[in-house]
Amino acid sequence: MRKNIITKSITAILAAGLIMTSFTGCGSKQTESAETTQADFEISDDYSYNGSSDEAGDVSEYEATYDESEYATAEEDSCDEAMAQSGASVEEYSFDSKNALSGDVQSIMPEKKNRYRDDTDTSDTRQYNHVAENDFISTSKENVSTFSADVDTASYSNIRGYLSDGNTVPEDAVRIEEMVNYFHYDYKEPKANEPFSVNMEVDECPWNSDHQLVMIGLKAEAIKTKNRKPTNFVFLIDTSGSMDQPDKLPLVKCAFVKLLSELGENDTVSIVTYAGSDEIVLQGESGENTDKIAAAIENLEAYGSTNGSAGINTAYKIAEKYYKKKGNNRVILATDGDLNVGVTSEDGLTELITEKKESGIFLSVLGFGNDNLQDNKLEALADNGNGNYAFIDSVYEAKRVLVEEMGATLETVAKDVKLQTTFDEKYVEKYRLVGYENRLLAKEDFDDDSVDGGEIGSGHEVTALYEIIPTEKATSGKNHILDLSIRYKNPKADDSQLLKYSCKYSPEGFSNKASDNMLWAESVACFGMVLKNSEYAGRSSIALARELASETAYSDDALRVEYMALLDRAELLYGSKYYNEIDDDDDYWSDSSDYQDEDNVDVHEIEAN
């Protein structure tokens, strides 16, 4: 075991286990290729693939092994420096096993005020895109909703930083789907040869009792470490002058050194840095040479301007040079996003990374720092580069993303994942997708394999909530709510496969007792709408979010325990009351067109809980 250098709250958090509660109500399913033969995608214990899209060759199973003494000193130096300089983000918080922060929360927080936003604070230099919330849509005008999967979690950890520092959260920093997807849910495991399981549940909407919530949950199979494919890593590290802050480059060093413990002899590591120009620090190094890699990371220094586009070009060239045909190939970008030389605009970066993703190389984007974080650019890079986006606000978050959830972060099991729901007009009058505003797709994009979707990694869970207004006919009998279609591609394939489901609810379906999965997702969505000052928040309040979460068995999950403490902090800033009338008459319709079913795909009924 590595030396445990993480103290106080981090130790307590790492000691806690994840909640595992039962979740029922989903049927079986099958896959059928949309344009190619069946069984293009197969997940098994030895992580083998079949189908014409993969190159021939065997992948040997291996356990990542390492000599801890080779890099333990470098890891301790990096993390000690990050913790010492970051201060409160690591040392001040101490969690008990039940619910909140130990000590006097009030003493470290500003005076409680009855307000929702402080628009007078101009010191925050972080940049976010503004995206209008999804509106209620009448099924008589358009009953089809299409969006791509999203497993990013950056918004939640960024929000946590604001609240932990005693600051209110900018509305545009709140992406509710990323908040909900930050947490694990007890979804059923996928069956053999399935890319993921599909789970559904229906419950009365907590913030508007006249409405209902439909939860859709996907869970990918978690690939065991011993079965992980060899990986070609390129660490693309921003070493410009803006990274010379305690919560930036020191934390970057700590994050990457922690990842080294998970690597083996079949992995390769290259390091590319960029400031005024790009530099290849290391290339093609075996993952077992952790001492050499750690030393290269430790020697990095911050200086100069930021030519991120040059670094991206060089990183992808190196990744292509060491490309593993039967393995993973991934660039991990660590930056605050403050690009000021070369291609600097969001549109320009999007065009650049869209071109690069055609190489078959995936991208992980790690955001660092509270000063001048360019969230809009980092999200655009991840969304358009076959990637994911996480914000690293602490040593623990670095360990969570790159070590504890390494498979989900780095090993893609399905790419270009798209979801399309078709609501039954007889039983659903209106619907609204909660979150995913920047992942919406046109209806015709669902069947267009050239349109990018989201990537799902090993063990990833994707949760989406629809708030629906039922018709009068929906109060009795076993009624059909919606049809769900999902498209996905094998990580190395160009043609998608199609899954279809039909969701029904029992007569008591709208008044049944919700599962822990549903209650937790409801709580986080409720909290997000308060922070976002949502016009659809209804009776949402921090008190309601706490009430919903308190009904779950959260105390054994450190992240959920921390969430409960975060609600306490937020309540000191925002107050406990919140109410916003919903005007259901204000609907914005998109042009409707006929929905075309694909009759050659089996439809599997799901009995929603």
Side-chain angles (χ1 to χ4, degrees), residues 98-101 105-106 109-119 133-136 155-156 158-160 162-183 203-215 432-435 463 465-469 511 513-552 554-555 559-584:
K98 290 296 181 184
N99 46 19
L101 295 166
V105 177
Q106 184 71 43
M109 298 294 291
E111 180 182 356
K112 182 176 179 179
K113 299 180 181 180
N114 291 322
R115 60 181 172 85
Y116 305 136
R117 203 76 62 230
D118 181 5
D119 295 325
E133 288 185 277
N134 291 328
D135 194 10
F136 277 98
S155 180
Y156 180 82
N158 190 29
I159 287 169
R160 178 175 59 199
Y162 276 103
L163 296 176
S164 297
D165 290 340
N167 299 317
T168 55
V169 182
E171 294 176 13
D172 291 335
V174 180
R175 295 186 288 272
I176 293 177
E177 72 280 6
E178 294 185 22
M179 296 178 65
V180 172
N181 285 327
Y182 185 86
F183 299 94
D203 189 31
E204 181 180 289
C205 180
W207 50 86
N208 191 323
S209 58
D210 293 329
H211 297 180
Q212 314 298 331
L213 283 183
V214 178
M215 180 177 71
R432 187 179 87 87
L433 178 61
V434 180
T463 301
L465 293 172
Y466 278 100
E467 183 175 350
I468 66 173
I469 302 175
S511 59
K513 179 175 174 57
S515 69
D516 276 14
N517 289 330
M518 188 70 164
L519 289 168
W520 194 264
E522 289 172 347
S523 172
V524 179
C526 174
F527 183 36
M529 286 192 293
V530 172
L531 298 178
K532 200 170 184 63
N533 199 24
S534 171
E535 65 175 293
Y536 304 103
R539 299 177 184 84
S540 294
S541 68
I542 294 173
L544 177 58
R546 184 187 295 108
E547 178 184 344
L548 292 166
S550 297
E551 294 180 28
T552 70
Y554 69 87
S555 60
L559 294 177
R560 296 191 178 200
V561 170
E562 179 193 54
Y563 169 81
M564 299 297 285
L566 210 61
L567 292 177
D568 293 338
R569 287 174 169 266
E571 195 166 43
L572 295 174
L573 291 162
Y574 289 82
S576 59
K577 294 182 178 181
Y578 186 92
Y579 187 81
N580 186 19
E581 287 287 342
I582 297 178
D583 184 0
D584 290 335

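These numbers come from the heavy atoms of this one structure, side chains and all, not from hydrogens, waters or symmetry mates.
Checked against the 6.0 Å centroid threshold, Tyr536 and His211 do not count as a close aromatic pair.
Here CD of Glu204 is found 10.5 Å from CE of Met518. Values are rounded to the nearest 0.5 Å. Here the CD atom belonging to Glu522 is positioned 7.5 Å from the SG atom belonging to Cys205, to the nearest 0.5 angstrom. Atom CZ in Phe136 sits 10.0 Å away from atom CD1 in Ile468 (nearest 0.5 Å). Atom CD1 of Ile159 sits about 8.5 Å away from atom CD of Glu178, to the nearest 0.5 Å. Taking OG1 of Thr463 as the reference point, atom CG of Asn517 lies at 7.5 Å (rounded to 0.5 Å). For the atom pair CD (Glu547) and CG (Leu567), the distance works out to 12.0 Å, reported to the nearest 0.5 Å.
Taking the ring pair (Phe, Tyr, Trp, His ring centres under 6.0 Å) definition, one finds that Tyr156 meets it with Tyr182, Phe183, sequence neighbours left out. Residues that satisfy the side chain to side chain donor-acceptor pair (under 3.5 Å) test with Asn158, not counting sequence neighbours, are Arg126, Tyr128.
Looking at heavy atoms from C-beta onward, Val169 lies in side-chain contact with Tyr574 at the 4.5 angstrom threshold. Inter-residue side-chain proximity for Arg546 and Asp568 is flagged as met; some heavy-atom pair is nearer than 4.5 Å.
The minimum heavy-atom distance linking Trp207 with Ala525 is given by the pair CH2-CB, 4.1 Å. Shortest non-hydrogen contact noted between Ala514 and Asp203 is CB-OD2, 3.5 Å. Nearest approach of Arg539 to Ser209, heavy atoms of both residues: NH1-N, 3.8 Å. Shortest non-hydrogen contact noted between Glu171 and Lys532 is O-NZ, 3.3 Å. When all heavy atoms are compared, the tightest approach of Ser540 to Met529 is OG-CE, 3.5 Å. Closest approach of Leu163 to Ala570, counting heavy atoms only: CD1-CB, 4.1 Å.
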Hey, mind stepping through Leu548 and Leu544 against side chain to side chain contact (heavy atoms under 4.5 Å, CB included) and telling me if it holds?
CA-CA 6 Å; Leu548 292 166; Leu544 177 58; 4.2 Å; yes
Any chance you could lay out the side chain to side chain contact (heavy atoms under 4.5 Å, CB included) test for Thr168 and Tyr162, step after step, and finish with the verdict?
CA-CA 6 Å; Thr168 55; Tyr162 276 103; over 6 Å; no
Taking it one step at a time, do Val180 and Glu177 satisfy side chain to side chain contact (heavy atoms under 4.5 Å, CB included)?
CA-CA 5 Å; Val180 172; Glu177 72 280 6; 5.8 Å; no
Worked verdict on Trp520 versus Tyr563 for side chain to side chain contact (heavy atoms under 4.5 Å, CB included)
CA-CA 11 Å; Trp520 194 264; Tyr563 169 81; 3.4 Å; yes
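Within the 3.5 Å criterion, the main-chain N or O of Ser164 finds a donor-acceptor partner in the side chain of Arg569.
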